[in-house]
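One structure below.
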Amino acid sequence: MRVIGIETSCDETAVAVYDEARGLLAHRLYSQIALHQAYGGVVPELASRDHVRRLVPLVREALATARSGPDTIDGVAYTAGPGLIGALLVGAGFARSLAYAWGRPAVAIHHLEGHLLAPLLEPHPPAFPFIALLVSGGHTQLVDVLGVGRYRILGQTLDDAAGEAFDKTAKVLGLPYPGGPALAQCAEHGRAERFHFPRPMLDRPGLDFSFSGLKTAALVALAGRIVNDEVRADVARGFQEAVIDTLAEKSRRALVASDRRRLVVAGGVGANQRLRERLGEMARRLGAELYFPRTEFCTDNGAMIAFAGALRLAAGERQGLAIHATSSWELADLRPALPT
Ligand code: KG4
Ligand code: ZN
C-alpha cells in the first residue's frame, strides 16, 4: 500500500509519499511564513491562494523523489479538517480530483489524527493504548488512544490552545510571527523566577486546561516597564515555564488516572525543547515512556497525513466522489479503522 498525503489546513503546503512496506519515501513542505509575516498572523485568503500555487510543484517533487506515479500509488489521503476552510478546500479538491483521475481511492483524514499518529512514523513507535498530549495552535487535548480512530478525550482547553497562548504572548512581547518558536528562543536567556505566572487549573481536579489568562499575566508583567531584551526574555521564560508546568502535571495525572505508562506528545508545541525535557523528567519519575515525532513532524506536515491515510486505506476505508472539507470536526467523532 503506497499512499500520497496532502496537507493544506493552515499555512503549510505539504505532500508526502508513504509506503507500508518501505516507510516514508518522500516528504515536501512549503511554509508560508514569509507570506504572512507582514500581517503578524495567518491571512486565510492568502493562505488558500498560495496552496493553489504550491500544490502541483510539490506533488511533482514528492512523486519524483519517491520514484512513484499513477501506476504505483494505491491511494490519495488528504486533510479534510479541522482548519481554515478555504485552505482545506484547495487540498481536498485537488486530492480528490487526483484520485479520480488516477482511478485510485481517496480518504479524508482528520488533521489531529495525523498529529496523534505521527510518532508511529519513528523507529521505535509506541504500542496502543497510549495517552496523547496534543498541543497545537488550535487544540490542546489529553487523549486516551486505544487504536486508530478510537479516541477518548480526557481533558481539553476551556479557552485558548497552548500554541495560541504562545502566539498571543509572543505578540504582546513584540516578537515576530510565528510566535511559538520565537518566544521559545527568547525564553532561553530569561530567568524563570523574576515574574510569577499562574499555573491555571492545577489547583483543581480534572484534566482540562485554561491558557487565556497567561497573555493577560504577561501584559501585567510588562505594564509600566521599559521593555528591553532582558525583560522580554524574563517574561517569555516565566510564561513558558507556566505553560510547561501545567502541561506536564496534567499529563502526569492523565497517566496515573488511566493507569497507562506511555505518553505521546504531538502537535506544533511538541517541538518545544523545554517541554520535551520536562515531560521526559516527569515520565522517568513515573516509570513511563515518552514518545514524540521528530521535530519537523510535530508541526504540520504531509507525512502524518500519508501515514494515517495508509492505515485507513489498508483497513478498507474508501470514500465516494464527494470532496470532504470541514473547518470544525471533533476527534472523538472519528470511527475506528477496521482491522485488516
Ligand atoms: O500543529 P501545528 O503546526 O499547527 C496546528 O495544527 O495548529 O502547531 C502550530 C503551533 C503554533 O501555535 C506555534 O506557535 C506552535 O505550534 N509552536 C511552538 C513551537 N513550535 C511551534 N510553540 C512553542 N515552542 C515551539 N518551539
Ligand atoms: Zn497541526
Side-chain angles (χ1 to χ4, degrees), residues 5-14 16 27 29-33 36-37 40-42 44 47 78-84 87-88 91 109-119 132-141 143 156-157 160-173 175-188 190 209 211-212 214-215 236-237 239-248 264-279 292-305 307-308 327-329 331:
I6 292 176
E7 155 65 40
T8 63
S9 68
C10 191
D11 56 351
E12 262 114 17
T13 321
H27 60 101
L29 181 138
Y30 181 85
S31 166
Q32 301 179 352
I33 287 178
H36 301 293
Q37 205 138 40
V42 180
Y78 61 91
T79 305
L84 302 173
L88 287 165
I109 297 297
H110 192 295
H111 180 78
L112 299 178
E113 175 168 79
H115 276 305
L116 279 189
L117 300 177
L133 172 66
L134 188 60
V135 271
S136 71
H139 296 81
T140 298
Q141 295 181 323
V143 189
Q156 57 192 326
T157 183
D160 289 353
E164 194 177 354
F166 266 91
D167 295 338
K168 286 181 175 173
T169 306
K171 233 181 200 175
V172 164
L173 290 172
L175 297 169
Y177 154 88
L183 190 148
Q185 202 187 356
C186 177
E188 273 175 29
F209 303 93
F211 291 116
S212 64
L214 290 176
K215 185 191 75 174
R237 182 74 195 276
F239 162 86
Q240 181 171 266
E241 290 299 311
V243 175
I244 290 175
D245 267 359
T246 311
L247 292 174
V264 158
V265 189
V269 183
N272 187 287
Q273 214 47 46
R274 182 89 186 110
L275 173 67
R276 287 170 175 237
E277 283 165 24
R278 283 292 304 283
L279 290 173
F292 35 75
R294 68 195 86 162
T295 323
E296 62 182 323
F297 293 165
C298 277
T299 44
D300 291 347
N301 64 87
M304 65 186 194
I305 303 304
F307 179 65
S327 57
S328 52
W329 186 4
L331 192 61

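Just follow the structure's listing: the first ligand is 1, and inside any ligand the first atom is 1.
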* Selected option - heavy-atom contact closest to atom 20 (N) of ligand 1, from Ala118, Cys298, Gly268 ->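 Considering heavy atoms of Ala118, Cys298, Gly268, the nearest to atom 20 (N) of ligand 1 sits in Gly268.
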Below 3.5 Å, N or O to N or O, backbone or side chain included: is there any such pair between [X] and ligand 1?
X	answer
Gly180	yes
Gly137	yes
Gly163	yes

* Asked: If we only count heavy atoms from C-beta on, is the Lys168 to Asp160 side-chain gap below 4.5 Å?
  ->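 A side-chain contact exists here, since the closest heavy-atom pair is under 4.5 Å.
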* To do: May I ask you to identify, for His139, whether its side chain, its backbone, both or neither come under 4.0 Å of ligand 1 on a heavy-atom basis?
  =>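 It is neither part, as no heavy atom is under 4.0 Å.
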* Is it the side chain, the backbone, both or neither of Asn272 that has a heavy atom closer than 4.0 Å to ligand 1? ->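 For Asn272, the contact with ligand 1 is made by both the backbone and the side chain.
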* Asked: Taking the six-membered ring for Trp, are Phe209 and Phe211 parallel (under 30°), tilted (30 to 60°) or perpendicular (over 60°)?
  ->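 The arrangement is parallel - the two ring planes meet at less than 30°.
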* Asked: Is it true that Glu241 and Arg274 have a side-chain N and a carboxylate O under 4.0 angstrom from each other?
  ->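 Judged by the 4.0 Å cut-off on N to carboxylate O distance, Glu241 and Arg274 do form a salt bridge.
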* **Whether over 12 other heavy atoms sit under 6.0 Å from Gln185 CD** =>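 Open.
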* Closest to the Zn ion (ligand 2), which N/O/S atom of Asp300 is it? ->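 In Asp300, the N, O or S atom with the shortest distance to the Zn ion (ligand 2) is OD1.
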* List the steps and the verdict of side chain to side chain contact (heavy atoms under 4.5 Å, CB included) for Val135 and Val265. => CA-CA 8 Å; Val135 271; Val265 189; 4.3 Å; yes
* **Rounded to 10 degrees, the angle NE2 of His111 makes with NE2 of His115 at the Zn ion (ligand 2)** =>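 The NE2/NE2 angle about the Zn ion (ligand 2) sits at 100°.
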